[in-house]
There are 2 protein chains.
Amino acid sequence: MKTTLTSKQVALLDFIQEQVRAQGYPPTLREIAARFKFRAVGTVQGYVRALIAKGFLAHEPEHARALCVRQYPGSRFHIPILGQVAAGQPVFAPENYSGSLPCGELVAHPAATFALHVRGDSMIEAGILEGDFVLVQKQATARNADIVVARINNEVTVKRFFMDSAKCIRLVPENKSMAAIIVEPPLDVEVLGKVVGVYRKLR
Amino acid sequence: MKTTLTSKQVALLDFIQEQVRAQGYPPTLREIAARFKFRAVGTVQGYVRALIAKGFLAHEPEHARALCVRQYPGSRFHIPILGQVAAGQPVFAPENYSGSLPCGELVAHPAATFALHVRGDSMIEAGILEGDFVLVQKQATARNADIVVARINNEVTVKRFFMDSAKCIRLVPENKSMAAIIVEPPLDVEVLGKVVGVYRKLR
DNA sequence: CAGTATACCATACATATGTATGGCGTGTCA
DNA sequence: TGACACGCCATACATATGTATGGTATACTG
């Protein structure tokens, strides 16, 4: 049996993984079929069978929506490093790219992930130090206690995110000597993404 | 309506979250019932309804296994324990392999590099936390002030390395509340490698 | 006291969902 | 050529699963 994946198989796997991240649970066979405009569930069945046989998927038989991505076929990806973000500049502008971090399979969705070179020590008690890279998955929302990258008044910072009510967002540093940023309406805050990894190079 | 959770409600939420982490997908109502030894599905229905009303859960109506934890009370992180090195075991024995950390090109010499799942907080002030992975380049020697992985008396630890003289090695934790380990002849210490990277997964 | 929230049980029902089966093509490889 | 992996369609079926309904009981609150 082959052990490599075809591009369609990768696409299926990608979709499943993406759904898990976005929704919190995997899609059903019919949802997958709908996404790829398959008219038959059996088509998806075939794919799933193949992916399981090759070890990239797992599932609980006779259970609904019980798919689980096991491996991710990772060619190596270079994700962009966003360096110093100057005030007033659009965050994702090309000028901000200060290089790329080769990160292989660490990242599930390379296209939706970027790295940020950390300045300052506001998250030091969460073990995020000056000079570390944080891997950030782009998303506009966050859950309580997520560590996020957010833009406030043209500045980009890494903080822990809390939304106490619809009207109040707290961005809390992990550093006893620093105070939380409390944002009230008008909410001029933009969550750029969630920190999904921390990487530090030592020498 | 109240907006706080009872301890049972927290327990339910906790279980759901835990299942998502462990399996990759949420439990069904009946799986939840089984876990808590409820004889009726309706019981779980009640809990889920309450949790949704209070904003801690979301779900897609009439869809199987479509629960999604929205907020988490008290911000707890479930960090999976992959493996531990038991005292007395050879460090590189196959039994100790508890999975693989795909790390692409982050590592200069893959063949000579391994990852270790960190237990304890002896290096917390160097930003290495419990649960982090350290990437270790195999080598038998180290320079002063390198962070190393060393074996002492059948235990493996991460420490900062100092050799003051040919007769005295100090292994210094980065934690004010812990004392340095001073090893004198006979030097039953083996430097397994140097820490060249730290990686932490968040979710 | 009535009203509401919590904490369970029991059962019937509709449907969402995985599974099985059989079909038709294409290509590749020995 | 045959065997096999891939890429799809169509349909029937069993069951896993959410939903609805209606109980019982305790505790708190105004």
Side-chain angles (χ1 to χ4, degrees), chain A residues 1-17 19-20 22-71 73, chain B residues 1-17 19-20 22-71 73:
Chain A
M1 182 189 62
K2 279 192 178 182
T3 53
T4 58
L5 299 186
T6 67
S7 59
K8 284 244 172 182
Q9 288 171 344
V10 172
L12 262 278
L13 200 61
D14 207 9
F15 174 65
I16 295 170
Q17 180 78 336
Q19 287 295 103
V20 170
Q23 305 192 320
Y25 45 84
T28 65
L29 298 188
R30 281 170 180 81
E31 285 167 5
I32 300 174
R35 160 67 182 75
F36 289 95
K37 302 202 194 311
F38 295 149
R39 297 188 180 180
V41 215
T43 306
V44 182
Q45 269 181 277
Y47 278 108
V48 168
R49 235 190 293 265
L51 287 168
I52 290 175
K54 291 176 179 178
F56 288 84
L57 259 189
H59 91 310
E60 197 64 22
E62 299 180 0
H63 277 62
R65 209 186 284 275
L67 296 171
C68 179
V69 177
R70 276 299 149 91
Q71 305 176 42
Chain B
M1 182 189 65
K2 279 192 179 182
T3 54
T4 58
L5 299 185
T6 66
S7 59
K8 285 241 171 183
Q9 288 170 346
V10 171
L12 264 278
L13 200 61
D14 211 9
F15 174 65
I16 295 170
Q17 179 78 338
Q19 287 295 104
V20 170
Q23 305 192 319
Y25 45 84
T28 65
L29 298 188
R30 282 170 179 82
E31 284 167 4
I32 299 173
R35 161 66 180 76
F36 289 95
K37 301 201 195 311
F38 296 148
R39 298 188 179 182
V41 216
T43 306
V44 182
Q45 269 181 277
Y47 278 108
V48 168
R49 236 189 292 266
L51 286 169
I52 290 175
K54 291 176 180 177
F56 289 83
L57 258 189
H59 92 310
E60 197 65 23
E62 300 182 357
H63 278 62
R65 207 186 285 274
L67 296 171
C68 179
V69 177
R70 276 299 148 94
Q71 300 178 46

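All of these numbers come straight from a predicted model, not from anything done at the bench. When reading the values below, keep in mind they use all heavy atoms of this one structure, side chains included, and skip hydrogens, waters and symmetry mates. Below, chains carry the letters A, B, ... as their sequence lines are ordered, and counting in each starts from 1.
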Give each protein N/O atom lying under 3.5 Å from an N/O atom of nucleotides 24-28 of chain D, with the pair distance.
none

[X] [atom1] to [N] [atom2], straight-line distance once rounded to whole Å:
{"X": "B/Gln9", "N": "C/dC8", "atom1": "CD", "atom2": "P", "value": "11 Å"}
{"X": "B/Arg49", "N": "D/dT19", "atom1": "CZ", "atom2": "P", "value": "8 Å"}
{"X": "B/Leu67", "N": "C/dA16", "atom1": "CG", "atom2": "P", "value": "17 Å"}
{"X": "B/Glu62", "N": "C/dC13", "atom1": "CD", "atom2": "C1'", "value": "12 Å"}

Review point. Taking five pairs at each end of the helix from C/dC1-D/dG30 to C/dA30-D/dT1, what angle separates the two helix axes (nearest 10°)?
Key: 30°

Revision key, fill the gap. Residues A/Ala11 and A/Phe36: closest non-hydrogen pair is O-CZ, 3.6 Å

Practice item. Taking all heavy atoms of A/Ala64 and all of B/Ala64, pick out the closest pair and write down the distance. Key: CB-CB, 3.4 Å

Under 4.0 angstrom between [X] side-chain N/O and [N] OP1 or OP2:
{"X": "A/His59", "N": "C/dT19", "value": "yes"}
{"X": "B/Thr6", "N": "C/dA7", "value": "yes"}
{"X": "B/Arg65", "N": "D/dT17", "value": "yes"}

Would you list the protein and nucleotides 8-10 of chain D atom pairs, both N or O, that sit under 3.5 Å from each other?
| unit_1 | atom_1 | unit_2 | atom_2 | d |
| --- | --- | --- | --- | --- |
| D/dC8 | OP2 | A/Lys8 | NZ | 3.4 |
| D/dC8 | OP2 | A/Tyr47 | OH | 2.9 |
| D/dC9 | OP1 | A/Arg39 | N | 3.4 |
| D/dC9 | OP2 | A/Arg39 | N | 2.9 |
| D/dC9 | OP2 | A/Thr43 | OG1 | 3.4 |

Review point. Are any of the side-chain heavy atoms of B/Leu51 and B/Leu67 separated by less than 4.5 Å?
Key: no

Practice item. Would you indicate whether the side-chain heavy atoms of A/His63 and B/Tyr25 approach each other to under 4.5 Å? Key: no

Review point. Going by the angle between their ring planes, with limits at 30° and 60°, are A/Phe38 and A/Tyr47 parallel, tilted or perpendicular?
Key: parallel

Practice item. Mind jotting down which residue pairs meet the side chain to side chain donor-acceptor pair (under 3.5 Å) criterion with at least one end in residues 27-44 of chain A? Sequence neighbours excluded, please. Key: A/Glu31-A/Arg65

**Study point:** Proximity to DNA chain D (any heavy atom under 4.0 Å), residues of residues 26-35 of chain A only
**Key:** none

Review point. Could you state the interatomic distance from NE2 (A/His59) to CD1 (A/Ile52), rounded to the nearest 0.5 Å?
Key: 4.5 Å

With the criterion being N/O to N/O and under 3.5 Å, what pairs connect the protein with nucleotides 25-27 of chain C, and how long is each?
none

